[in-house]
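Each remark here refers to the structure printed beneath this line.
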Amino acid sequence: MKTSWRSASLVASAAAVLALTTACGQDSPPAASQNVGATAAPGDYGSIGSGTAGAAGGAATAQPSAPSASSPSNPAGKLSVSTAEKVGKVVTDSLGLTLYRFDQDTEEPPKSNCDGDCAKTWPPVPADDAEAGEGIDKALLGSVTRADGTKQLTVGGWPAYRYAKDVNAGDVKGQGVGGKWYALAPDGKKAQGGAGGGGEVVEAGLSTRNDAKLGEIVVDKNGMTVYRFKKDEAWPKPVSNCSGACLEKWPLVEPVDFADTKGIQKKGYMIFDRTDGKGKQQTINCSPIYTFAGDKAPGDTNGQGVGGTWYAVRPDGKLVGASEK
């Protein structure tokens, strides 16, 4: 018996839907998860800094201020050279804190391009009392006048900074942050000991970390928290409903080869073409993923719960602290 064209069409359509279902990993409804973090007032994409990773029903948790050791008012004192694991020889201040340089600064002439919130995360090192200790060439030390009129130390022409998350002598948590921040070598160049050369600490394109409040969450290669938007769609195909001004606050995560991930679920790991001309975007379990402009440093989770629509992501693509509906 011959199959009619109508029957054949129905069979083909059913097969296509089944294929999409399998590709997007939606064969069973995702389980609801316990709420983590206060839910912000309803909104489309929220305001930078309005998120919270605090306890359910609580007020937004204030971000910790920079440690006193990294305060801009803290003098540099006698500089010295230390050897940091995986980074190599780095310049440290009198407290043993690592000094850093910023790729967006210039050395000829010296100029700092880190002000405002940037300078809170990366406090400039005062030049006034800095002196060369063992291993430091005095001739390489100088200063640059910042926009606020203060004098900042330079090493080999590069403005010097501390990192707010370095709280103990020998910490090098700022190495490779954003692909723009690197420990200062004694000659003013980037510390050379990183796995990727040029001092850069190479991380997986997407991986996970254990957050004290949120549990295991996905982070990008710079350690920045990855988020999902509840108004996006994952089935039968990924659709992003964040564009324009929304994307300025929630930058899309560009495609990452699955071989360059660690701890991420492979099922539903795919890229898709956006419809707003912004190119391709990565998904986890077919859900589009983003970072948050309000997160200023690795480990920040300021986007959690923003607008009641933005949430950090589990390695299997599920939302942290919210149901899937």
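The two atoms that bring N222 and G176 nearest to each other are OD1-O, 4.2 Å, heavy atoms only. Nearest heavy atom pair, residue R209 against residue G299, reads NH2-O, 3.0 Å. The two atoms that bring T106 and P159 nearest to each other are O-CD, 3.8 Å, heavy atoms only. The two residues P110 and T154 come nearest to each other via the heavy atoms CB-CG2, 4.2 Å. Summarising the geometry of A183 relative to V87, their closest heavy-atom pair is CB-CG1, 4.2 Å, with the distance given to 0.1 Å. The heavy-atom pair separating P75 from D129 by the smallest distance is CB-OD2, 3.1 Å.
W250 and M224 fall into different hydrophobic clusters, where Ile, Leu, Val, Met, Phe, Trp and Tyr side chains are chained together by heavy-atom contacts under 4.5 Å. Using a 4.5 Å cut-off between side-chain heavy atoms of Ile, Leu, Val, Met, Phe, Trp and Tyr, with links allowed through other members, V81 and L140 fall into different hydrophobic clusters. F258 and F272 are members of different hydrophobic clusters when ILVMFWY side chains are connected at heavy-atom separations under 4.5 Å. Side-chain heavy atoms closer than 4.5 Å link hydrophobic residues (I, L, V, M, F, W, Y) into clusters, and following such links, even through other members, never connects V219 to V320. Cluster annotation: L247 and F292 are assigned to the same hydrophobic cluster (Ile/Leu/Val/Met/Phe/Trp/Tyr, side-chain heavy-atom contacts under 4.5 Å, transitive).
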Let me see the working for N74 and L95 under side-chain contact (heavy atoms from CB on, under 4.5 Å), right down to the final yes or no. CA-CA 10 Å; N74 203 59; L95 295 176; 3.1 Å; yes
Any chance you could lay out the side-chain contact (heavy atoms from CB on, under 4.5 Å) test for L99 and L79, step after step, and finish with the verdict? CA-CA 10 Å; L99 303 191; L79 305 180; 4.0 Å; yes
Before you tell me yes or no, could you show the steps for I217 and V226 under side-chain contact (heavy atoms from CB on, under 4.5 Å), namely the whole-Å CA-CA distance, both residues' side-chain angles and the distance that decides it to 0.1 Å? CA-CA 8 Å; I217 59 176; V226 168; over 6 Å; no
Before giving the answer on side-chain contact (heavy atoms from CB on, under 4.5 Å), spell out for T98 and R162 the whole-Å C-alpha distance, their side-chain angles and the decisive distance to 0.1 Å. CA-CA 6 Å; T98 304; R162 300 182 181 97; over 6 Å; no
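Note that CD of Q281 and CG of L252 are 4.5 Å apart. Values are rounded to the nearest 0.5 Å. Taking CG of N285 as the reference point, atom CE of M270 lies at 10.5 Å (rounded to 0.5 Å). Separating the OG1 atom in T83 from the NZ atom in K89 is a distance of 3.5 Å, to the nearest 0.5 Å. Distance check: Y269 OH to T283 OG1 gives 8.0 Å after rounding to the nearest 0.5 Å. Between the CG atom of D220 and the OG atom of S207 there is a distance of 8.0 Å, given to the nearest 0.5 Å. A distance of 8.5 Å separates NZ in K230 from OG1 in T309, rounded to the nearest 0.5 Å.
Taking 4.5 Å as the limit, some side-chain heavy atom of E324 sits within range of a side-chain heavy atom of R228. Within the 4.5 Å cutoff, the side chain of V253 has heavy atoms near those of the T291 side chain. Contact annotation: the side chain of T208 approaches that of I264 to within less than 4.5 Å [non-hydrogen atoms, C-beta and beyond]. The shortest distance between side-chain heavy atoms of V218 and I289 does not fall below 4.5 Å. Between K221 and L206, every side-chain heavy-atom pair lies at or beyond the 4.5 Å cut-off. You'll find the side chain of V306 stays beyond 4.5 Å of the side chain of Y227, heavy atoms only. No side-chain heavy atom of T225 sits less than 4.5 Å from a side-chain heavy atom of Q304. Residues Y163 and T121 meet the side-chain proximity criterion, which asks for heavy atoms closer than 4.5 Å.
Applying the ring-ring contact (aromatic ring centres under 6.0 Å, His included) test to pairs two or more places apart or on separate chains, none has a residue in residues 123-146. Among residue pairs with one or both ends in residues 132-159, none qualify as ring-ring contact (aromatic ring centres under 6.0 Å, His included); sequence neighbours excluded. Applying the salt bridge (charged side-chain N to carboxylate O under 4.0 Å, His left out) test to residues at least two apart or on different chains, the pairs with a partner in residues 274-292 are D273-K280, R274-D276. Judged as a salt bridge (charged side-chain N to carboxylate O under 4.0 Å, His left out), not a single pair has a partner in residues 167-178 (not counting sequence neighbours).
For K165 (side chain) and P298 (main-chain N/O), a donor-acceptor pair under 3.5 Å exists by modelled atom type. Listed for the D137 side chain is a donor-acceptor partner under 3.5 Å among the backbone atoms of A139. Between the side chain of D300 and the main chain of K296, a donor-acceptor pair closer than 3.5 Å is present.
Annotation: side chain to side chain donor-acceptor pair (under 3.5 Å) contacts of Y100 (sequence neighbours excluded): D166. Residues satisfying the side chain to side chain donor-acceptor pair (under 3.5 Å) criterion with K111, sequence neighbours excluded, are N113. Partners of A130 under the side-chain contact (heavy atoms from CB on, under 4.5 Å) rule, at least two apart in sequence or in another chain, are A76, L153. Partners of F102 under the ring-ring contact (aromatic ring centres under 6.0 Å, His included) rule, at least two apart in sequence or in another chain, are W181. In this structure, E233 has no side chain to side chain donor-acceptor pair (under 3.5 Å) partners at least two apart in sequence or on a different chain. Under the side chain to side chain donor-acceptor pair (under 3.5 Å) criterion, D257 pairs with no residue at all, not counting sequence neighbours. Under the rule for a side-chain contact (heavy atoms from CB on, under 4.5 Å), the partners of E131 that lie at least two apart in sequence or sit in another chain are K78.
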In a table with atom names and distances, give each donor-acceptor pair under 3.5 Å that connects a side chain of residues 141-148 to protein atoms at least two apart or in another chain.
residue	atom	partner	partner atom	Å
T145	OG1	K151	NZ	2.9
R146	NH1	S112	OG	2.8
R146	NH1	C114	O	3.4
R146	NH1	Q152	OE1	2.8
R146	NH2	C114	O	2.7
R146	NH2	D115	OD1	3.0
D148	OD1	T150	N	3.0
D148	OD1	T150	OG1	2.7

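Using modelled atom types and a 3.5 Å distance limit, the side chains of Y290 and S240 yield a donor-acceptor pair.
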